[in-house]
**Q** 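There's a structure below that I have some questions on.
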Amino acid sequence: MKALTPKFPHLLHGGDYNPDQWLDCPGVLETDIQRMKEAKINCVSLAIFAWAKLEPREGEYDFDWLEQVIENLYQNGIYTILATPSGAKPIWMSEKYPEIRRVRPNGHRDLSGGRHNHCYTSPKYREKVRQMDTALAQRFAKHPGVILWHLSNEYEGECYCPACQAAFRRWLQEKYGTLEALNQQWWNAFWSHTVTSWEEIHAPAAEGEGGVFTLLLDWKRFVTHQVVDFVKMERDAVKAVDPSLPVTINMMYDYYGYNYSKFRDVIDVASWDSYPQWRAGDNAALAADFAFEHDKIRSLKKQPFLLMESTPSATNWWPVSRLKRPGMHLAASMQAVGHGSNSVQYFQIRKSRGSFEKFHGAVIDHYDGNDTRVFQDVAALGRRLEALDQVGNTTVAPEVALVYDVENRWAMENAAGPRNCGIHYREQILAHYRALWEQGIPVDVIDEEGDLNGYKLVVAPMLYLLRAGFSQKLRDFVEQGGTLVGTYLTGLVNENDLCLLGGWPGEGLQEVFGVWNEDTDALWDGEENQVDLDNGRSYKAKELCALLHGRGAQALGVYSRDFYAGEAAVTVNRFGQGKAFYIGAFLEQDFYRDFYRKLGRELEVKRALAVELPHGVEACLRENQEEAYVFLQNFSGARQTMALPAGWQLLSPQGLSPQGGGNSVTLAPYDSQTLWKRK
């Protein structure tokens with residue numbers, strides 16, 4: 001398996017380092033290197049917000065200080081992930097070239113200051129970024145200590161300036177070809193909104209058009225396209241100097257302003273920034289939430305990823321800056337590794353002395369010592385990662401795929417019905433995911449452009465919008481022997497949000513599921529129905545209930561209340577060599593636990609361990625052809641003991657020599673243990 005960072009093919013431990021804030025304090029820089037070595041830190045991300053130091057005046061580059069830092073780090077065994085500084089432009093540039101600042105939907109241009117307020121379309125900003133990126137690459141790409149490009153920082157936001165509006169119209173013209181085709185796909189005859197020239201089209205805004213839903217959908221697609229193009233520009237600038245040096249962008253938790261799947265072919269390595277709001281006590285639900293995000297990022301490239309940012313202690317921008325409880329740092333970090341990360345990195349190495357994040361957690365705080373609890377937690381994790389280095393040659397190889405599609409989410413959340421108080425797409429996704437996670441079943445998170453080959457089970461909740469020929473992929477998957485799980489609100493519209501005719505689910509999925517969804521009942525918050533299964537179990541239903549008619553499917557459960565009592569609510573249908581389940585309502589979590597426990601065993605899908613996991617304990621499987629590792633994390637807040645299957649050995653955190661372990665393993669609250677076996 002190809003290493004993510006070939007010049008330093010090891011698990012990475014480090015984080016954002018900002019020596020440009022401390023150049024007038026050489027003693028601090030010397031102390032920092034000593035502390036990094038004590039904490040087993042082997043890499044840092046440099047220059048993310050250093051543009052003003054790198055180019056203090058237009059066209060005047062000062063890279064000498066950066067070269068000295070990179071070289072000093074390298075001589076001490078610490079490698080560099082070098083950033084392009086496009087995520088925060090210098091004030092002189094913002095003032096001299098106001099056109100690079102973003103315009104709001106109401107037409108107001110941002111003032112200087114802040115960050116993430118640059119226009120991705122602006123020719124001037126692209127020129128300045130390309131010049132900076134090229135100069136950095138020419139100076140540093142060949143340095144033996146530079147192992148990865150970190151393009152910008154947390155790309156986000158959108159711009160409504162005239163340049164972006166013009167680019168949007170060009171994008172639409174390329175997509176639709178003619179105004180007649182656009183008017184048809186946007187259904188512009190409604191409200192007499194037919195457009196007669198491309199110049200009549202404007203980005204959606206509260207003060208303008210907000211009722212043409214395909215306009216909203218296409219605008220979001222265009223924004224993603226524009227940012228992907230900007231990333232390509234940055235990538236090409238640095239790779240023109242050294243094509244072998246890989247690039248990444250750091251993504252964010254549940255960010256769906258862009259469709260992240262569109263970046264998969266632009267970057268070499270996927271990475272993201274993880275900041276759970278851990279509480280005291282039981283954190284199982286939160287752990288499942290962030291496990292999903294880890295799997296989502298890993299699945300972009302179907303290879304290990306990098307945890308680019310986390311905090312060793314507390315964040316300063318949550319409502320409450322709660323400290324991590326003892327053990328939480330270990331459990332959260334090893335969760336990332338277990339789900340496929342080849343790094344644990346922090347924001348940041350040293351706390352800033354002033355400005356916005358001066359109270360954000362860091363490895364080295366204002367006290368400057370190495371005897372704090374946080375520093376000792378970081379050092380202990382560093383030693384464990386160093387001992388586990390061989391895990392970087394393994395990956396996660398699931399037999400289950402969960403379909404989460406951002407464009408589908410965009411469309412549903414702007415659909416005007418059936419529940420404008422909350423359609424809760426992500427919550428429904430997590431209901432299925434958590435039931436699989438609790439069993440230690442590895443999961444890929446894919447979108448409608450994903451390949452279904454190699455999976456035994458595909459779970460595709462709430463596929464309201466069908467795009468990219470995905471319905472045919474599902475038909476082929478089931479017909480060839482796969483098992484599909486679908487739900488209410490499936491197959492209602494095409495990729496441009498036009499309702500499918502001929503009954504739902506559309507595009508041939510009625511035949512696959514064996515049901516016709518005549519209508520959907522929406523419940524108020526707090527209202528409930530009930531679904532009674534043929535095995536005697538009953539489960540509460542909330543929010544949405546699909547009214548189903550069988551078209552060959554077998555009813556496994558029926559509604560017990562309201563005018564549709566007795567009608568099918570959960571079904572299964574044989575199609576070709578496979579079968580498809582349809583779950584007609586948002587049911588309580590116990591249903592998903594019971595459903596996937598039974599289905600997983602029937603299909604014999606891969607599990608991390610063939611044992612029942614205690615509440616709040618996750619089991620993550622990484623493997624290659626020779627060996628397998630299971631990472632156990634206890635997020636329950638209480639001591640847990642579980643069976644240890646035959647063949648697995650408990651590894652020592654110090655030397656990682658097999659320790660035997662008998663037939664059980666005990667985990668303290670927020671503990672993490674690693675199991676190993678040779679295949």
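For the numbers below, each heavy atom of this structure counts, side chains included, while hydrogens, waters and symmetry mates do not.
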**Q** Are the charged groups of Glu518 and Arg551 less than 4.0 angstrom apart, N to O?
**A**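 Looking at Arg551 together with Glu518, the answer is no, because their closest N to O distance does not fall below 4.0 Å.
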**Q** Do NZ/NE/NH1/NH2 and the carboxylate oxygens of Asp476 and Lys473 come within less than 4.0 Å?
**A**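 Here Asp476 does not pair with Lys473 in a salt bridge, since their nearest N and O are not under 4.0 Å apart.
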**Q** Looking at Asp229 and Lys262, does any basic side-chain N land under 4.0 Å from a carboxylate oxygen?
**A**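 No.
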**Q** Looking just at side-chain N and O atoms, do Asp532 and Ser538 make a donor-acceptor pair shorter than 3.5 Å?
**A** yes
**Q** Tell me if a side-chain donor or acceptor on Asn259 pairs with a main-chain N or O of Ser261 at a distance below 3.5 Å.
**A** yes
**Q** Is Asn517 reaching over with its side chain to a backbone N or O of Thr490, donor-acceptor style, under 3.5 angstrom?
**A** no
**Q** With a 4.0 Å cut-off, would you call Glu438 and Arg434 a salt bridge?
**A**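 A salt bridge is present here (some side-chain N lies under 4.0 Å from a carboxylate O).
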**Q** Donor-acceptor pair, distance only, cut-off 3.5 Å: does the side chain of Gln428 make one with the backbone of Pro461?
**A** no
**Q** Within a radius of less than 6.0 Å around CZ of Arg561, do more than 12 heavy atoms belonging to other residues, nucleotides or ligands occur?
**A**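 Counting neighbours around CZ of Arg561, more than 12 heavy atoms of other residues, nucleotides or ligands fall under 6.0 Å, so yes.
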**Q** Counting only heavy atoms not in Glu207, do more than 12 fall under 6.0 Å of its CD?
**A**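 For Glu207, atom CD is crowded (more than 12 foreign heavy atoms under 6.0 Å).
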**Q** Heavy-atom count check: over 12 atoms from other residues, nucleotides or ligands less than 6.0 Å from Lys239 NZ?
**A**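 Enclosed: over 12 neighbouring heavy atoms sit under 6.0 Å from NZ of Lys239.
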**Q** Heavy atoms, side chains only, cut-off 4.5 Å: are Phe263 and Leu300 in contact?
**A** no
**Q** Taking the side chain as everything from C-beta on, heavy atoms only, tell me whether Tyr559 gets closer than 4.5 Å to Gln530.
**A** no
**Q** Quick one: does Phe305's side chain get under 4.5 Å of Ser341's, heavy atoms only?
**A**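 In contact.
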**Q** Could you verify whether a donor N or O on one side chain and an acceptor N or O on the other, from Tyr176 and Asp218, lie under 3.5 Å apart?
**A**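 The answer is yes; a qualifying pair exists.
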**Q** When you measure from the side chain of Trp410 to the backbone of Tyr256, do you find a donor-acceptor pair of N or O atoms at a distance under 3.5 Å?
**A** yes
**Q** Please determine whether the number of non-hydrogen atoms from other residues, nucleotides or ligands lying under 6.0 Å from atom CH2 of Trp198 exceeds 12.
**A**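 Atom CH2 in Trp198 is packed in, count exceeds 12.
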**Q** With a 4.0 Å cut-off, would you call Glu293 and Arg426 a salt bridge?
**A** yes
**Q** State which residue, out of Tyr275, Tyr260, Phe290, fulfils the ring-ring contact (aromatic ring centres under 6.0 Å, His included) condition with Tyr253.
**A** Phe290
**Q** Does the pair Lys606/Glu623 count as a salt bridge with the N-to-O cut at 4.0 Å?
**A**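 Yes, this pair counts.
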**Q** Are side-chain N/O atoms of Lys220 and Asn414 paired as donor and acceptor at under 3.5 Å?
**A**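 Short answer, no.
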**Q** Between Glu511 and Arg475, is there a side-chain heavy-atom distance shorter than 4.5 Å?
**A**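 They are in side-chain contact.
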**Q** Should the heavy atoms of other residues, nucleotides or ligands under 6.0 Å from CD of Glu602 be counted, would the total exceed 12?
**A** yes
**Q** Test your reading of the model: is there a side-chain donor-acceptor pair from Lys456 to the backbone of Glu604, 3.5 Å cut-off?
**A** yes
